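Below is one structure, written out as structure tokens, with a few remarks after it.
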Amino acid sequence: VAHRVAVVGASGYGGVELLRLLAAHPSLDTEVVAAHSQAGTPVARLFPNLPGDRVFDAIDVEQLAALDLVFLATPHGPALELGAALYDAGVPVVDLSAAFRLSVDGFSTWYGEEHPRPDLAAGDPAAADDVVYGLPELDRSRLAGARLVANPGCYPTATLLGLAPLAPLLVPGSVVVDAKSGTSGAGRGTKDELHFSHVHGDLAAYGAPAHRHTGEIERWLPGELGPISFTPHLVPMSRGLLATCYGTVRDGVAAADLADALHDAYAAEPFVEVLPSGTFPHTKALAGSNGCQLSAVVDQRTGRVVVTSAIDNLGKGAAGQALQNANLLLGLEETTGLTAIGVYP
Ligand SMILES: NC(=O)c1ccc[n+]([C@@H]2O[C@H](COP(=O)([O-])OP(=O)(O)OC[C@H]3O[C@@H](n4cnc5c(N)ncnc54)[C@H](OP(=O)(O)O)[C@@H]3O)[C@@H](O)[C@H]2O)c1
């Protein structure tokens with residue numbers, strides 16, 4: 001039986017990647033493709049990879065409430081409202097924004113707003129049991145039957161996959177994350193600094209030392225490893241995200257212990273591949289896939305491990321992971337519709 005789903009924010013970059021993935025999913029029917037200012041615009045006018053005469057719908061909560069699952073791919077403001085309304089109406093939601101990823105305190109610290117619904121803040125002790133942070137490789141136990149899934153951010157996904165298995169082996173306070181993303185990470189809305197002529201041939205950091213994803217990484221990295229230093233960079237490519245993570249290794253921990261921890265965590269995972277130490281993942285290899293490739297080297301001179309973790313920011317960093325979470329939520333095989341390997345070169 002097909003499940004009827006909607007994508008809200010379908011006119012954005014996370015939205016279009018969801019539409020592309022859903023078009024190939026055997027048991028999810030995309031009944032609603034809702035946009036905000038683009039409601040009424042033909043989908044193909046914005047996204048030539050999706051030809052046809054479908055037109056973006058307006059957002060209608062009553063119509064959404066009749067479906068089996070709703071993907072929200074809007075900024076966190078509208079997601080807070082829509083997510084709460086749909087949760088209250090009993091419709092499962094996978095939200096790609098930051099609206100539900102933190103605790104209430106974390107949300108006010110990092111987003112400067114009061115969270116309106118402590119019961120829906122996945123990172124909060126007061127969150128309902130069916131409100132879940134959706135990084136399946138860290139914890140998939142509560143995703144089956146969840147009603148609101150907070151899909152992780154792109155930088156936190158790459159960083160947490162790289163560091164979580166190593167957390168007990170690292171010295172608290174020693175972690176530094178230096179990360180780079182392609183420009184689609186900033187969404188489709190035109191911003192001056194994202195014009196081709198600004199970005200092409202350029203490389204710069206932004207957001208340090210308090211980019212909002214810092215709080216999400218600290219919240220979900222196991223074992224009280226924080227505070228961490230996190231600096232993202234914008235790189236002149238459309239897709240792809242690489243997190244280079246440094247941490248001081250605890251006394252008595254050998255390089256083989258780190259390698260074993262990564263191997264044990266991911267040997268059975270369909271979407272995470274640990275590369276041999278000394279080889280380094282390429283973002284290009286993950287383009288269009290839901291994969292993450294990572295590897296670790298230990299620098300014996302400094303006592304630090306260096307983990308590099310690569311994803312497609314729109315794949316495992318957004319739409320791919322959202323679909324993985326939806327599969328789990330609906331009781332489908334986790335990998336359904338997500339088995340494509342990356343487009344290379
Ligand atoms: N891009 C990534 O790599 C990435 C990765 C992980 C998570 N995310 C998160 O996913 C969400 C979507 O990101 P994106 O990159 O796809 O952004 P985007 O390209 O800017 O698209 C935003 C979408 O939200 C809609 N929208 C804007 N304001 C709205 C409002 N007030 N009410 C309802 N809908 C509204 C837009 O509709 P119109 O265009 O019709 O106005 C558009 O469909 C964000 O929360 C972002 O943080 C993005």
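One-based numbering, in listed order, for ligands and for the atoms of each. This structure is a prediction, so every number in the text was calculated from the model and none was measured.
- F100 approaches A150 most closely through the heavy-atom pair O-CB, 3.4 Å.
- Ligand-side atoms of ligand 1 in range of L314: 1 (N), 2 (C), 3 (O), range being under 4.0 angstrom from any heavy atom.
- Nearest protein heavy-atom neighbour of atom 4 (C) of ligand 1: A318 CB, 4.1 Å.
- The closest side-chain heavy-atom distance from L161 to K316 is below 4.5 Å.
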**Request:** Please step through side-chain hydrogen bond (donor to acceptor under 3.5 Å, both in side chains) for the pair E216 and Y155, ending with a clear verdict.
**Result:** CA-CA 9 Å; E216 184 181 338; Y155 288 120; over 6 Å; no
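- Under the side-chain hydrogen bond (donor to acceptor under 3.5 Å, both in side chains) criterion, D139 pairs with S141, sequence neighbours left out.
- Nearest protein heavy-atom contact of atom 35 (C) of ligand 1 is H36 CB, 3.4 Å.
- Checking only distances, R101 never comes within under 3.5 Å of ligand 1, N or O to N or O.
- The one candidate from L221, V307, L241, I217 that meets the side chain to side chain contact (heavy atoms under 4.5 Å, CB included) condition with T159 is I217.
- Contacts between S184 and ligand 1, counted as non-hydrogen atom pairs separated by less than 4.0 Å, involve the backbone only.
- The residue among G315, A319, P78, G187 with a heavy atom at the shortest distance from atom 15 (O) of ligand 1 is G187.
- Looking only at heavy atoms of the protein, atom 19 (O) of ligand 1 is closest to R188 N, 2.7 Å.
- Considering all non-hydrogen atoms of both residues, F56 and Q38 come closest at CB-O, 3.5 Å.
- Considering every non-hydrogen atom in both L275 and S295, the closest pair reads O-CB, 3.6 Å.
- Residue G153 has no nitrogen or oxygen atom sitting less than 3.5 Å from a nitrogen or oxygen atom of ligand 1, judged on distance alone.
- The protein does not reach atom 47 (O) of ligand 1 closely, with no heavy atom under 4.0 angstrom from it.
- Close contacts between ligand 1 and S37 involve ligand atoms 38 (P), 39 (O), 40 (O), 41 (O) [criterion: under 4.0 Å to a heavy atom].
- Using a 3.5 Å distance cut-off with no hydrogens or angles, the side chains of S97 and D95 do pair a donor with an acceptor.
- Of the candidates G189, S11, G317, the one placing a heavy atom closest to atom 39 (O) of ligand 1 is S11.
- Remark: minimum distance from atom 14 (P) of ligand 1 to any protein heavy atom is reached at G14 N, 3.9 Å.
- Of the candidates D257, V253, V305, V305 is the only one forming a side chain to side chain contact (heavy atoms under 4.5 Å, CB included) with V298.
- Among protein heavy atoms, atom 21 (O) of ligand 1 sits closest to G12 CA, 3.1 Å.
- Scanning both residues, L329 and V94, for their nearest heavy atoms gives CD1-CG2, 4.4 Å.
- Contact check for T336 versus H25: side-chain heavy atoms found under the 4.5 Å cut-off.
- The closest protein non-hydrogen atom to atom 13 (O) of ligand 1 is A73 O, 4.5 Å.
- Among pairs with a residue in residues 265-282, those fulfilling salt bridge (charged side-chain N to carboxylate O under 4.0 Å, His left out) read R140-E269, at least two apart in sequence or across chains.
- Atoms of ligand 1 lying under 4.0 Å from any heavy atom of S97, numbered from 1 in the order shown and given with element: 45 (O).
- Heavy-atom proximity to A35, at under 4.0 Å, picks out these atoms of ligand 1: 40 (O).
- Looking at atom 27 (C) of ligand 1, its nearest protein heavy atom turns out to be P75 CD, 3.6 Å.
- The option with the heavy atom closest to atom 9 (C) of ligand 1, from among L96, N313, V33, is L96.
- Of all protein heavy atoms, the one closest to atom 45 (O) of ligand 1 is T74 O, 2.7 Å.
- Residue contacts with ligand 1, taken as heavy atom pairs separated by less than 4.0 Å, involve I59 solely via side-chain atoms from C-beta onward.
- Taking a distance limit of 4.0 Å, we find that atom 6 (C) of ligand 1 is approached by some protein heavy atom.
- Contact check for L286 versus C292: no side-chain heavy atoms found under the 4.5 Å cut-off.
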